[in-house]
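What follows is one structure encoded as C-alpha cells, with my remarks underneath.
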Amino acid sequence: MRVVFVHGACVRDGSWWWHRTAELLRERGVPSAAPALPSCGEAGRPGGVGGPGLPEDVAAVRQVLLAGGDEPTVVVAHSYGGIVTAEAAAGIGSVRHLLLVSSYLPEVGQSLSEFGDGSPAPAPFLDVDPGTGTFGVRPELLVDTFLQDCDPEVQAQAADRLARQSVQVTGQPVGAAAWQQVPSTYLVCAQDRGTPPRLQREFARRADNVVELDAGHHPFLSQPATVRDLLLSL
C-alpha cells in the first residue's frame with residue numbers, strides 16, 4: 001500500500017502540509033507522495049492569467065499515480081484537492097480508495113465554483129486579484145480560519161507556505177469523477193472555519209462512508225495519529 005496526498009488551494013510545498021501524517025505512516029512501512037500543483041506556481045511558471053490551471057494539476061497528480069505501477073494506492077484529497085483527484089484518479093486500477101478531507105466530490109462537468117455557500121462574494125478569508133488572475137488566503141486570517149487547533153510551530157511554518165493560485169481553477173470543470181468508480185470515505189472536520197461543517201456534510205452524501213472528527217481544516221497536522229489510523233483502516 002502507498003498513499004498519495006493531494007493538497008488544497010493557495011499553498012506551496014505540498015509535502016510539508018502532510019509531513020506529520022506521512023512520518024507516522026512511514027513508521028508503519030507505508031510510503032507516500034505529495035505532488036506539487038502547478039496552478040499554485042510550483043512548476044516553474046507562476047499561476048495566474050495564461051498560467052497552469054486545473055488540467056495541469058490533474059496531469060501532475062496523475063503522473064505520480066501512474067508511476068506507482070500496480071501498487072495498491074489510497075489517495076487523500078484535501079479541500080480543492082478533491083476537484084483535482086476526481087479527474088486525476090479516474091481509470092487508474094491501482095487506486096483502491098479515496099479519502100476526502102473537508103473536500104469535494106464533483107460530478108463530471110462540475111467546477112469548484114459550484115460548491116460555495118451560494119454567496120456571489122468570495123469568502124472573507126480570500127484575496128482575489130483580477131489584475132493578475134490569482135487568489136490567495138489573507139495571511140492575517142490564516143490561523144484563525146484554518147489552523148486554530150494546530151500548535152504554534154505549525155502555524156508559523158504554514159504562514160511561510162502560502163501561495164497565490166490561478167483563479168481559473170475555480171471555473172474549470174472536471175472531465176471525470178473517480179469517486180463514482182472507487183470506494184470513498186469523507187472526513188468531516190467539525191471545527192473547520194474555512195469550509196463550514198454543514199457544507200461538508202452535504203458534500204459527504206456522495207461518499208460511501210463518512211467519518212466525523214472534532215478538528216479544524218487540517219487534521220493531518222493537528223491530529224496526525226488519528227488520520228494515520230483512519231488511513232490504515234481503509
Side-chain angles (χ1 to χ4, degrees), residues 1-12 14-15 17-18 21-22 25 30-40 42-43 52-68 71-115 165-166 168-189 192 194-195 199-200 203-211 217-220 227 230-231 234:
M1 170 185 171
R2 71 169 182 149
V3 174
V4 173
F5 295 109
V6 185
H7 69 74
C10 304
V11 300
R12 63 174 182 81
S15 60
W17 295 88
W18 305 99
T21 297
L25 286 170
V30 178
S32 63
L37 300 184
S39 70
C40 293
E42 290 197 291
L54 177 62
E56 289 78 11
D57 290 348
V58 167
V61 173
R62 195 169 180 85
Q63 181 179 20
V64 171
L65 291 174
L66 291 171
E71 188 171 13
T73 301
V74 175
V75 183
V76 185
H78 180 231
S79 196
Y80 162 72
I83 299 292
V84 180
T85 298
E87 186 167 343
I92 298 181
S94 60
V95 176
R96 75 176 198 190
H97 207 102
L98 305 177
L99 175 61
L100 292 306
V101 183
S102 188
S103 191
Y104 314 98
L105 293 85
E107 299 272 9
V108 174
Q110 281 192 301
S111 65
L112 177 62
S113 62
E114 297 179 50
F115 288 91
Q165 185 170 5
S166 172
Q168 63 186 341
V169 301
T170 65
Q172 293 174 315
V174 300
W179 58 271
Q180 296 176 340
Q181 310 161 2
V182 180
S184 59
T185 296
Y186 194 105
L187 178 57
V188 173
C189 301
D192 193 336
T195 305
L199 289 181
Q200 293 180 56
F203 304 155
R205 292 175 184 172
R206 291 177 173 175
D208 297 309
N209 302 290
V210 181
V211 176
H217 194 65
H218 295 87
F220 35 87
V227 177
L230 175 57
L231 279 166
L234 298 177

Does any non-hydrogen side-chain atom of [Y] lie less than 4.5 Å from one of [X]?
X      : Y      : result
Tyr80  : Leu54  : yes
Val11  : Leu37  : no
Trp18  : Val227 : no
His217 : Cys189 : no
Pro183 : His97  : yes
Ile83  : Val169 : no

In Å, rounded to the nearest 0.5 Å, how long is the span from [atom1] of [X] to [atom2] of [Y]?
X      : Y      : atom1 : atom2 : value
His78  : Leu99  : NE2   : CG    : 10.5 Å
Tyr186 : Ser102 : OH    : OG    : 5.0 Å
Thr85  : Leu65  : OG1   : CG    : 7.5 Å
Leu105 : Leu100 : CG    : CG    : 4.0 Å
Leu98  : Gln180 : CG    : CD    : 11.5 Å

Indicate the atoms forming the closest heavy-atom contact of [X] with [Y], along with that distance.
X      : Y      : value
Ala36  : Ala60  : O-CB, 3.7 Å
Val188 : Ala204 : CG2-CB, 4.4 Å
Glu56  : Gly53  : OE1-N, 2.7 Å
Pro35  : Val4   : CD-CG1, 4.0 Å
Gln200 : Leu187 : OE1-O, 3.9 Å
Arg96  : Leu234 : NH2-O, 3.3 Å

Side-chain donor-acceptor pair present, Ser39, Gln165, cut-off under 3.5 Å
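Yes - a donor-acceptor pair under 3.5 Å links their side chains.
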Any donor-acceptor N/O pair, [X] side chain to [Y] backbone, under 3.5 Å:
X      : Y      : result
Trp179 : Pro106 : yes
Glu87  : Val58  : no
Thr73  : Glu71  : yes
Ser79  : Gly8   : no
Arg206 : Tyr104 : no
Thr21  : Phe220 : yes
Trp17  : Val6   : no
Thr170 : Leu112 : no

Glu107 atom CD, neighbour heavy-atom count above 12 within 6.0 Å:
yes
Once the angle between the rings of Phe203 and Phe115 is folded into 0 to 90°, is it parallel (under 30°), tilted (30 to 60°) or perpendicular (over 60°)?
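If you compare the ring of Phe203 with that of Phe115, the planes turn out perpendicular.
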